Amino acid sequence: MTLTDATPETSAALEVLHRVFGYDSFRGEQQQIIEHVAGGGDALVLMPTGGGKSLCYQIPALVRRGTGVVVSPLIALMQDQVDALTALGVRAGFLNSTQGIDERRTVEQLFLAGELDLLYLAPERLRTEGTQRLLDQGEVSLFAIDEAHCVAQWGHDFRPDYLALSMLHERWPDVPRIALTATATPATHAEIAGRLGLEDARHFVASFDRPNIQYRIAGKNNPLKQLLDLIRTEHEGDAGVVYCLSRSSVEKTAAFLVEHGIDAVAYHAGMDAATRAANQSRFLREEGVVVVATIAFGMGIDKPDVRFVAHLDLPKSLEGYYQETGRAGRDGEPATAWLAYGLQDVVQQRKMIEGSEGSDAHRRSLTAHLDAMLALCETVDCRRVRLLAYFGQESGPCGNCDTCLTPAESWDGTVAAQKLLSTVWRLARERRQKFGAGQIIDILQGKKTAKVIQFDHDQLSVFGVGADLGTAEWRGVVRQLLALGLLAVEGEYGTLVLTEASGEVLGGRRTVLLRKEKAPTGGQTRKESGSRGGKGARVPVDLPAAAVPVFEALRAWRAATAREQGVPAYVVFHDATLREIATRLPTTTAELGTVGGVGEAKLAKYAEGILATLSTTAPAAAEPSPPAPTARPPHADEPPLDEEPPFDPEENDPPWDDWE
Ligand code: ADP
Ligand code: ZN
């Protein structure tokens with residue numbers, strides 16, 4: 001963009017970007033979106049987490065006359081959002097049920113007096129006549145509908161109150177609307193546009209790639225120990241999220257991590273509200289806290305420095321997986337998405353679908369979602385290519401996922417599949433029996449276990465025909481056949497049964513290509529690694545050694561400042577900003593003002609503290625950086641852990657439980 005073709009919107013937007021946010025330039029399509037909305041147009045924005053959606057409505061709200069009204073489903077986070085804006089010198093407020101009447105009045109008065117740039121509201125509040133009258137009396141510059149996928153009825157986060165937002169256009173036809181979401185399958189996209197009456201709006205669809213996230217899916221055999229390895233070898237002292245399916249495994253996993261010296265807290269909808277809020281607040285405000293949670297946790301959490309997201313259980317859909325993993329690395333720094341996946345996951349999920357209530361169509365939809373997730377787990381190709389293809393985007397091998405870094409091998413598993421399927425078939429036909437994977441594998445391997453002898457299974461003609469493969473390999477065969485729909489599970493005990501497609505394999509009409517099983521890993525894939533100390537001492541990968549002590553001193557200053565002001569550390573400054581300061585060592589306020597992320601308000605507030613910190617530490621920058629820690633020995637002395645935690649669908653958390 002040259003100066004000559006700058007519209008008034010462009011120059012005003014750029015000025016706000018520099019002065020208020022302290023950033024040099026717009027990212028991706030931010031500029032087009034901001035100009036369009038600032039000029040009065042409607043927009044529908046699909047952008048991945050961390051893409052920079054907030055600026056797309058915050059800057060137009062600052063450029064236009066009046067107050068930008070932001071509709072957001074999570075009232076628990078409004079305070080943090082407003083705090084972050086206040087730190088930037090933006091006049092922001094919120095109205096929700098957590099406030100007393102006096103506090104609410106104060107915010108309403110500010111709005112009516114035209115003294116708010118941004119006002120956050122929950123959708124249920126916007127529906128009330130009182131709120132609508134209030135908005136009529138003041139001046140609204142735009143409506144921003146955040147987490148717009150909540151309007152999608154078949155999506156995973158449906159919120160009935162969002163349906164009423166179609167009235168915005170009727171009641172305030174001249175106020176521009178911008179709807180934003182990070183969930184973007186073509187079906188959700190169309191549903192949002194339809195329900196919010198945004199067909200005629202301009203649609204901005206960003207690339208969904210998150211190149212800084214390394215996707216890894218590991219074979220599951222001892223998930224807790226694998227998780228601990230991942231944290232100790234790659235993410236010591238980092239903030240992270242660990243997702244589990246059930247409340248009891250959340251509790252158990254958090255307790256296990258704490259026992260092993262990791263600063264972990266639990267979060268699920270069954271906990272009392274105060275403990276849950278305290279745990280969330282620790283995760284947001286302190287550095288290096290790991291939260292172990294059900295999927296009730298996470299929507300709207302915009303902590304930028306989450307360095308890893310781990311799944312100990314298989315997500316039910318790629319949409320869910322992508323949204324959950326997307327909470328890692330919003331700041332653009334390297335982050336890990338790690339999933340442990342095993343036979344038991346497939347059995348569990350297939351069983352749950354089979355036993356689920358509702359129509360056949362509903363079950364078919366659940367199955368289709370699970371199949372897409374399983375295909376990602378079993379692929380021998382680049383994980384990212386698969387993921388992006390699901391969201392309608394073509395790409396090439398990424399070089400930053402496990403299959404790109406250590407290519408997976410495949411093998412012709414047709415004969416193995418035939419052996420396994422014919423064992424299931426013989427048991428059903430000759431004995432009228434059904435068994436789970438364990439017994440079938442014992443028969444194939446020719447093991448004379450008590451249960452094999454009890455049922456005379458050593459008399460079957462298939463007994464011992466699969467002695468050439470190990471147990472892990474056979475479990476891999478079962479898992480992949482289940483994933484491919486060539487085998488099915490049935491009933492409470494998850495017994496194996498044939499499907500229609502099994503016949504094609506048994507009849508030799510279909511070959512089966514399988515993924516070779518790898519030794520299960522926790523954290524061993526990432527190649528590069530910064531020098532890392534103990535808890536809280538994580539150092540960004542690309543920081544020069546001389547800058548490390550300065551960076552640490554700045555972090556200590558930031559922690560003290562954040563504590564004093566009662567805000568999360570990242571509200572003061574992001575890591576990227578501290579890193580730039582530690583490398584450039586500005587000596588004057590003016591110089592400090594040119595660092596990315598240092599806007600006018602923060603410069604006024606923090607210049608003194610930063611420059612003082614630099615003057616005491618910068619000369620010592622010649623000190624050697626702390627030595628890289630040696631990897632800890634494997635935990636050979638620890639008792640073996642349960643293989644895969646038992647699953648209780650009763651205590652599954654729906655994602656919406658947490659909403660008020
Ligand atoms: P989203 O809501 O899409 O997940 P955010 O709006 O929270 O993303 O932005 C993600 C991060 O990127 C934030 O830390 C934000 O400050 C930063 N950011 C956004 N736009 C820019 C920009 N133009 N230049 C530098 N940093 C940016
Ligand atoms: Zn890849």
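All of these numbers come straight from a predicted model, not from anything done at the bench.
Judged by distance alone, with hydrogens and angles left aside, the side-chain atoms of S422 form no donor-acceptor pair with the main-chain N or O of W425 at under 3.5 Å. A donor-acceptor pair is defined here as one N or O able to donate and one able to accept, closer than 3.5 Å; such a pair exists between the side chain of R210 and the backbone of T49. Here the side chain of Q349 pairs a donor or acceptor atom with the backbone of L314 at under 3.5 angstrom. Judged purely by atom type and a 3.5 angstrom limit, E504 has no side-chain atom pairing as donor or acceptor with the backbone of A501.
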**Message:** Walk me through whether Y390 and Y322 qualify under ring pair (Phe, Tyr, Trp, His ring centres under 6.0 Å).
**Reply:** CA-CA 10 Å; Y390 186 76; Y322 204 60; 9.4 Å; no

**Item:** salt bridge (charged side-chain N to carboxylate O under 4.0 Å, His left out) assessment of K220 paired with D345
**Value:** CA-CA 9 Å; K220 185 196 266 189; D345 288 298; 3.1 Å; yes

**Prompt:** So Y267 and F283, ring pair (Phe, Tyr, Trp, His ring centres under 6.0 Å) or not? Walk me through it.
**Reply:** CA-CA 10 Å; Y267 187 104; F283 172 73; 9.3 Å; no

**Request:** Go through the steps to decide whether D371 and R364 satisfy the test salt bridge (charged side-chain N to carboxylate O under 4.0 Å, His left out), and finish with yes or no.
**Result:** CA-CA 10 Å; D371 285 345; R364 269 198 302 277; over 6 Å; no

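In this structure S502 satisfies the side chain to side chain contact (heavy atoms under 4.5 Å, CB included) test together with L421, L498, T499, sequence neighbours excluded. Scored by the side chain to side chain contact (heavy atoms under 4.5 Å, CB included) test, D200 finds no partners at all (sequence neighbours excluded).
No option in V346, L482, T495 other than L482 meets the side-chain contact (heavy atoms from CB on, under 4.5 Å) test with V489. Screening I440, L481, L427, T423 for a side-chain contact (heavy atoms from CB on, under 4.5 Å) involving L496 leaves a single residue, I440.
Note: H457 and F455 have parallel aromatic rings, judged against thresholds of 30 and 60 degrees for the angle between ring planes.
Rounding to the nearest 0.5 Å places CD of E324 at 7.5 Å from OG of S317.
With respect to D305 and K303, a salt bridge is recorded, a charged nitrogen being found less than 4.0 Å from a carboxylate O. Of the charged side-chain nitrogens involved, at least one lies within less than 4.0 Å of a carboxylate oxygen, so that E378 and R479 count as a salt-bridged pair. Under the 4.0 Å criterion applied to side-chain N and carboxylate O atoms, D209 and R384 are assigned as salt-bridge partners.
For the residue pair G466 and W474, the shortest heavy atom distance occurs at O-NE1, 2.9 Å. For N212 against G329, the heavy-atom pair with the smallest separation is ND2-O, 2.9 Å.
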